[in-house]
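Worksheet: one structure, shown below.
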Number of protein chains: 2
Amino acid sequence: MAVIDDVARLAGVSKATASRALSGRGSVADATRQRVLKAAAALDFRASPAAVSLATGRTGAIGVLAPAIDTWYVSTLLRGIAEAALAHDLDIVLYDLGRGAAMRERVFERFLQRHHIDALISTTFALTHREVSRLASIGIPAVALGDGAAGVRSWCLDDERAGTLATEHLLSLGHRRIVHVGGSTVLDESLFAAERLRERGYQRAMRAAGLEPMPTLLHDPTADASYSHALELLRSPDRPRAVFAATDEIAMGILLAARTLGLRVPFDLSVVGVDDHAYAAAFDLTTVRQDPREHGERVVDWLVADLAAPSGDTTHTLIDPELVPRGSVAPA
Amino acid sequence: MAVIDDVARLAGVSKATASRALSGRGSVADATRQRVLKAAAALDFRASPAAVSLATGRTGAIGVLAPAIDTWYVSTLLRGIAEAALAHDLDIVLYDLGRGAAMRERVFERFLQRHHIDALISTTFALTHREVSRLASIGIPAVALGDGAAGVRSWCLDDERAGTLATEHLLSLGHRRIVHVGGSTVLDESLFAAERLRERGYQRAMRAAGLEPMPTLLHDPTADASYSHALELLRSPDRPRAVFAATDEIAMGILLAARTLGLRVPFDLSVVGVDDHAYAAAFDLTTVRQDPREHGERVVDWLVADLAAPSGDTTHTLIDPELVPRGSVAPA
DNA sequence: CTGTTAGCGCCTTCAG
DNA sequence: CTGAAGGCGCTAACAG
């Protein structure tokens with residue numbers, strides 16, 4: 001592997017000039033730059049990132065802290081992040097927390113230990129105060145997605161509004177007994193802020209319509225768990241005719257259960273979800289959309305700008321959800 | 001941030017001794033080691049990965065090259081890789097190729113440029129000869145998953161056998177007109193080796209049963225595309241009664257289309273998929289299982305061992321698929 | 001505009 | 001077992 005000294009020698013300049021020519025920082029005579037560039041190409045030179053990083057303090061990588069990658073939300077988000085990162089010539093280092101937050105502390109300490117990234121994107125789980133100040137003290141800017149944290153720039157779907165939108169849609173069609181099926185608080189009380197907010201949106205909409213919210217049904221936030229719970233729910237004689245599911249995955253489980261039981265959607269049962277999951281269209285599922293892929297890109301762009309010129313901005317941006325009417329809902 | 005010199009000073013030893021004590025390499029008197037460790041803890045010392053990397057040539061990270069992260073196979077695999085990586089105290093650097101391989105060259109050059117990783121895991125797309133030799137020449141060991149490459153250790157589902165298994169299952173139940181719906185070769189001829197092998201397995205099983213394989217139907221490998229194509233297919237008067245879908249996602253699209261058209265599965269239509277996707281159980285879909293999560297862990301373990309003691313092993317391991325009978329199939 | 005001189009923080013011979 | 005010295009490859013001042 002050629003090193004910069006080889007390039008410099010071949011171009012007949014000093015290491016410093018070669019470095020300047022290669023990096024574009026500092027001024028170099030045009031002719032000189034061309035010579036250096038040509039020499040570098042000839043030698044197939046590639047700067048050692050470790051050396052660059054040691055000298056500059058920059059790594060050229062950003063970290064992503066996320067739970068359960070094998071999930072529609074996170075994987076789609078990751079896709080957006082990866083695309084934007086590529087465009088900005090940044091590596092992305094992935095830290096998967098799995099379900100629940102057992103590994104959280106360990107992961108956090110570990111990636112901190114290595115000063116391996118220039119910035120951090122945290123998703124779904126809010127950063128704790130301690131983590132935020134820790135990050136700040138070692139100078140890694142952080143942003144949060146999906147759940148904010150004080151002192152950190154964040155973007156997040158207006159989950160409460162999403163719940164309200166979905167519920168109001170059902171209400172406007174004359175439904176009154178609307179059941180809310182929520183993503184679990186089972187795993188960890190502190191984690192599923194989004195789900196709790198969607199529930200609150202539901203409750204608010206119900207009360208605004210003069211109705212008493214019904215108790216939220218909870219289980220693991222997977223299509224599977226939803227399916228088996230829905231089987232029970234829909235078998236009951238006074239089964240609901242309208243359901244607001246906290247996520248599309250849950251909604252899909254309900255739809256599948258309805259099919260199994262021979263219920264006709266939307267005539268026997270109306271269902272609204274949240275997400276606009278990749279399968280939502282095939283399920284003909286009415287839902288409230290969010291676009292994690294676009295969010296991922298947006299966040300990376302912000303981070304890149306902030307890295308170049310720290311803004312100290314810690315705004316908490318709420319993203320407006322949008323109802324996507326499809327065929328899983330009918331008038332009461 | 002404390003550096004090793006601070007630790008050494010606090011412990012009253014030299015940098016060299018501190019380094020030895022901290023890394024465990026080289027012998028240090030027990031009492032000395034304790035003192036160093038205590039000093040390091042007191043100072044909250046963390047070695048700079050850039051410096052370590054520069055000095056040792058190791059980065060402590062492995063790269064993952066994958067298409068379309070927002071896909072069941074890749075995201076599940078990634079989950080397994082991330083878990084194993086955490087266990088081995090390795091970072092994982094993610095390179096998303098998106099759909100198709102447009103970014104491929106760029107990504108490849110880019111991660112090569114930075115000698116940012118100790119090893120590479122490549123998925124789905126086979127590495128080209130040029131890439132393999134390139135990797136070898138700069139000394140990054142690579143493994144492949146999902147599609148092998150000459151000169152590289154690889155693991156991969158026996159896709160042809162998967163196709164055969166699925167088809168034979170249908171045949172054994174008396175079906176004769178079995179249609180195969182395949183993941184697209186539409187995107188890029190050279191990429192979807194797995195799909196082509198599954199098709200071949202189907203054809204082989206048909207011929208072995210004395211039947212002429214029917215032409216494979218192709219479209220984008222998403223549930224959505226599958227849904228709309230299946231709508232057409234199943235509306236036709238001589239619609240098939242048995243379908244072998246190349247992936248569960250495709251199978252799910254077909255199942256949804258059947259529901260839309262009022263066909264009863266499995267009585268009017270039998271469907272078999274491949275993958276054992278997270279939703280397969282909820283769809284009650286008979287399928288051929290593969291377990292990418294487990295594969296991910298296995299591959300990382302191998303890589304870690306190989307990093308410690310290079311084996312030169314370039315075996316191509318075929319993973320045996322397994323039929324998972326569920327309710328989407330009935331006798332003809 | 002360009003070369004020289006110091007490091008960045010750690011590991012690793014080589015002596016002792 | 002331990003310390004001193006040099007180097008990994010690059011960039012950042014500072015002169016010139």
Item to check | Closest non-hydrogen atom pair between A:Gly139 and A:Pro141, with its separation | outcome: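 It is O-CD, 3.4 Å.
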
Nearest-Å distance, [atom1] ([X]) to [atom2] ([N])?
X: B:Leu22; N: C:dC11; atom1: CG; atom2: P; result: 8 Å
X: A:Ile4; N: C:dC8; atom1: CD1; atom2: P; result: 19 Å
X: B:Arg9; N: C:dG9; atom1: CZ; atom2: P; result: 12 Å
X: A:Lys15; N: D:dT11; atom1: NZ; atom2: P; result: 10 Å
X: B:Asp5; N: C:dG7; atom1: CG; atom2: P; result: 13 Å
X: B:Arg58; N: D:dC8; atom1: CZ; atom2: C1'; result: 16 Å
X: A:Leu54; N: C:dC8; atom1: CG; atom2: C1'; result: 4 Å
X: A:Arg25; N: D:dT11; atom1: CZ; atom2: P; result: 6 Å

Next on the checklist: Whether the A:Asp70 and B:Thr76 side chains hold a donor-acceptor pair (N or O, under 3.5 Å, no angle test) is what I'd like checked.
Outcome noted: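 No - no donor-acceptor pair under 3.5 Å links their side chains.
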
Checklist entry - Does one side chain, of A:Thr59 or A:His116, offer a donor that lies under 3.5 Å from an acceptor on the other? => result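 Judged by distance alone, the side chains do not pair up.
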
Taking 4.0 Å as the cut-off, does a side-chain nitrogen or oxygen of [X] come that near to OP1 or OP2 on [N]?
X: A:Ser19; N: D:dT11; answer: yes
X: A:Ser27; N: C:dC1; answer: yes
X: B:Ser53; N: D:dC8; answer: no
X: B:Thr32; N: D:dT2; answer: yes
X: B:Thr17; N: D:dG3; answer: yes

Next on the checklist: Both A:Val3 and B:Arg33 contact DNA chain D. Which one's nearest nucleotide lies toward the 5' end?
Outcome noted: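 Result of the comparison: B:Arg33.
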
So if I take every side-chain heavy atom of [X] and compare against [options], which nucleotide ends up nearest?
X: B:Val52; options: D:dG9, C:dC11, C:dG3; result: C:dC11
X: A:Ala16; options: D:dG9, C:dC11, D:dA13; result: D:dA13
X: A:Phe45; options: C:dC11, D:dC10, C:dT4; result: D:dC10
X: B:Ser48; options: C:dC11, C:dG9, D:dC10; result: C:dG9

Item to check | Crowding at NE2, B:His129 (>12 non-hydrogen neighbours, <6.0 Å) | outcome: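 Check fails, neighbour count at 12 or below.
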
Checklist entry - Between the base of C:dG3 and the side chain of A:Arg20, is there a donor-acceptor distance below 3.5 Å? => result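 Per atom types, the contact qualifies.
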
Checklist entry - Do the numbers put A:Arg153 on top of the ring of A:Trp155, so that NZ or CZ is under 6.0 Å from the six-membered ring centre and no more than 45° off the axis? => result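 The answer is yes; both the distance and angle limits are met.
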
Checklist entry - Contact class for A:Ala29 (heavy atom, under 4.0 Å): base, sugar-phosphate, or nothing? => result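 Result for A:Ala29 = sugar-phosphate.
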
